[in-house]
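Side-chain atoms are counted along with the backbone in the values below, which use heavy atoms only and exclude waters and symmetry mates. On a predicted model such as this, the values are computed, not experimentally measured, just so you know.
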Amino acid sequence: RTVNPAAPFPQLTSLMLQCALDELCRYLSLAKGIAPGLLLFHIDIISKTKPVTLQTTLTLIATAFPVLTSLTITRKEDLSVFDDDDESTRLPLHNQNLRPITNMPHLQSFELNFEGVVSLTNTELCSLLTRCPSMKILRLNHEPMDLGETVLTINVLPMIAQNCPQLEVLALYVSTDVDPLETSLLFTFKNLKTIDLGLSVLENTAVVARLL
């Protein structure tokens with residue numbers, strides 16, 4: 001791998017920041033080629049964030065750090081104590097908001113902790129993951145701050161097992177109020193070591209038990 005020697009931090013491979021995503025977007029827009037060899041990026045969000053801001057942040061990260069292998073966007077502080085009237089920070093995350101991670105071809109680990117639930121369809125999530133061939137660890141907002149409805153269902157598990165056999169860790173927030181799948185549609189994870197359904201509400205215990 002070649003690294004631009006003129007970059008401000010040409011040897012930087014790991015970076016942890018505590019910031020607002022709006023500010024990070026501004027920095028990344030101004031600082032071209034700041035750390036082209038960055039591999040690990042951990043961001044601790046310090047303010048409530050709109051889905052579109054997350055989308056913009058992911059787009060800029062994909063451009064700024066072309067060899068990134070691990071991206072964590074989390075929130076250690078409970079900002080719910082700061083009440084506000086901006087409902088847009090509690091909107092669900094949709095397919096277009098997460099699609100920029102498909103522009104990170106080397107990404108092996110993606111962890112996200114956010115306000116609103118991830119509400120991709122089962123097909124949309126599988127399509128996204130098949131375009132991330134290096135992904136081994138996916139923790140996709142399995143403990144959202146605002147517990148809303150999601151169109152992502154537990155029936156996505158055999159679909160992911162079929163299309164993304166390389167996954168080793170999987171954490172999702174899903175709906176379990178679904179009909180059982182036909183036995184012929186069930187597939188086994190080959191490499192999965194950990195599965196975590198976070199704060200998902202257990203509605204249909206029979207379906208969940210059968211799938212697991």
Joint cluster assignment, Ile195 & Leu112, ILVMFWY side-chain distance < 4.5 Å
yes
If the condition is side chain to side chain contact (heavy atoms under 4.5 Å, CB included), which residues does Val151 pass it with, not counting sequence neighbours?
Ser119, Thr121
Any Leu170 side-chain heavy atom under 4.5 Å of Asp196 side chain:
no
Any ring-ring contact (aromatic ring centres under 6.0 Å, His included) pairs touching residues 53-73, not counting sequence neighbours?
Phe41-Phe65
Working for side chain to side chain contact (heavy atoms under 4.5 Å, CB included), residues Ile160 and Phe189:
CA-CA 8 Å; Ile160 295 176; Phe189 283 100; 3.8 Å; yes
With Arg99, which of Ile101, Asn103, Asn95 fulfils side chain to side chain contact (heavy atoms under 4.5 Å, CB included)?
Asn95
Can you find a heavy atom in the side chain of Thr74 that is under 4.5 Å from one in the side chain of Ile45?
no
Apply the test side chain to side chain contact (heavy atoms under 4.5 Å, CB included) to residues Val117 and Asp146: give CA-CA distance (whole Å), side-chain angles for both, the deciding distance (0.1 Å), then the verdict.
CA-CA 7 Å; Val117 301; Asp146 189 69; over 6 Å; no
Once rounded to the nearest 0.5 Å, what's the spacing between atom SG of Cys25 and atom CG of Leu58?
9.0 Å
Tell me, do Leu91 and Lys50 make a side-chain contact under 4.5 Å, heavy atoms counted?
no
For residues 17-29, the salt bridge (Lys or Arg N to Asp or Glu O under 4.0 Å) pairs (sequence neighbours left out) are Glu23-Arg26
Phe114 backbone acceptor or donor facing Asn141 side chain under 3.5 Å:
yes
Least distance between heavy atoms, Ala20 atom then Ile46 atom
N-CG1, 3.6 Å
Residue list, side chain to side chain contact (heavy atoms under 4.5 Å, CB included) with Thr176, at least two apart or on another chain:
Ile154, Val174, Glu203, Val208
Who else is in the cluster with Met159 when I, L, V, M, F, W and Y are joined by side-chain contacts under 4.5 Å?
none
Those residues at least two apart in sequence (or on a different chain) that pass side chain to side chain contact (heavy atoms under 4.5 Å, CB included) with Asn204 are Ala206, Val207
Can you list the steps and then say if His94 with Glu124 is a side chain to side chain contact (heavy atoms under 4.5 Å, CB included)?
CA-CA 9 Å; His94 295 296; Glu124 285 174 339; over 6 Å; no
Would Leu211 and Val156 show up in the same hydrophobic cluster when neighbours are defined by side-chain heavy atoms closer than 4.5 Å?
yes
Transitively linked via ILVMFWY side-chain contacts under 4.5 Å: Phe9 with Ile43?
yes
When you measure from the side chain of Asn122 to the backbone of Thr153, do you find a donor-acceptor pair of N or O atoms at a distance under 3.5 Å?
yes
Show every ring-ring contact (aromatic ring centres under 6.0 Å, His included) that has at least one partner inside residues 190-212, sequence neighbours left out.
none
Step-by-step side chain to side chain contact (heavy atoms under 4.5 Å, CB included) determination, Leu60 to Ser29
CA-CA 7 Å; Leu60 290 171; Ser29 296; 3.8 Å; yes
According to side chain to side chain contact (heavy atoms under 4.5 Å, CB included), who are the partners of Ala64, at least two apart in sequence or on a separate chain?
Leu28
Between CD on residue Gln108 and CG on residue Leu39, distance to nearest 0.5 Å
9.5 Å
Do Leu140 and Leu107 belong to the same hydrophobic cluster, where Ile, Leu, Val, Met, Phe, Trp and Tyr are linked whenever their side-chain heavy atoms lie under 4.5 Å apart, directly or via other members?
yes
For Gln18 and Asp44, work out which heavy atoms get closest and say how close.
NE2-OD2, 2.8 Å
Output side-chain donor-acceptor pairs under 3.5 Å for residues 127-138, partner residues at least two apart or in another chain, one line each.
residue: Thr130; atom: OG1; partner: Cys126; partner atom: O; Å: 3.2
residue: Thr130; atom: OG1; partner: Ser127; partner atom: O; Å: 2.8
residue: Ser134; atom: OG; partner: Pro105; partner atom: O; Å: 3.1

Provide the closest heavy-atom pair for Arg75 versus Lys48 in the form atom of the first, atom of the second, distance.
NH1-CG, 4.4 Å
Of all pairs that satisfy side chain to side chain donor-acceptor pair (under 3.5 Å), the ones with a partner from residues 52-65, not counting sequence neighbours:
Gln55-Asn97
Heavy-atom closest contact (Asn191 atom, Gln166 atom, distance)
ND2-CA, 4.0 Å
Linking I/L/V/M/F/W/Y whenever their side-chain heavy atoms sit closer than 4.5 Å, directly or via other members, would Leu197 and Val201 fall into one cluster?
no
Got a donor-acceptor contact below 3.5 angstrom from the Thr49 side chain to the Ser47 backbone?
yes
Hey, are the side chains of Val67 and Leu38 touching, using non-hydrogen atoms and a 4.5 Å cut-off?
no
According to salt bridge (Lys or Arg N to Asp or Glu O under 4.0 Å), who are the partners of Arg139, at least two apart in sequence or on a separate chain?
Glu111
If you measure from CZ on Phe110 to OG on Ser70, what distance do you get to the nearest 0.5 Å?
10.5 Å
My understanding is that only residues two or more places apart in sequence, or in another chain, count here; which of them pass ring-ring contact (aromatic ring centres under 6.0 Å, His included) with Tyr173?
none
If you take all heavy atoms of Leu120 and Val118, which pair is closest and at what distance?
CD1-CG1, 3.3 Å
Taking Val178's backbone N and O only, do any of them form a donor-acceptor pair with Asn155's side chain (distance below 3.5 Å, no angle check)?
no
Please report the closest heavy-atom contact between Pro92 and Pro51, naming both atoms and the distance.
O-CG, 3.8 Å
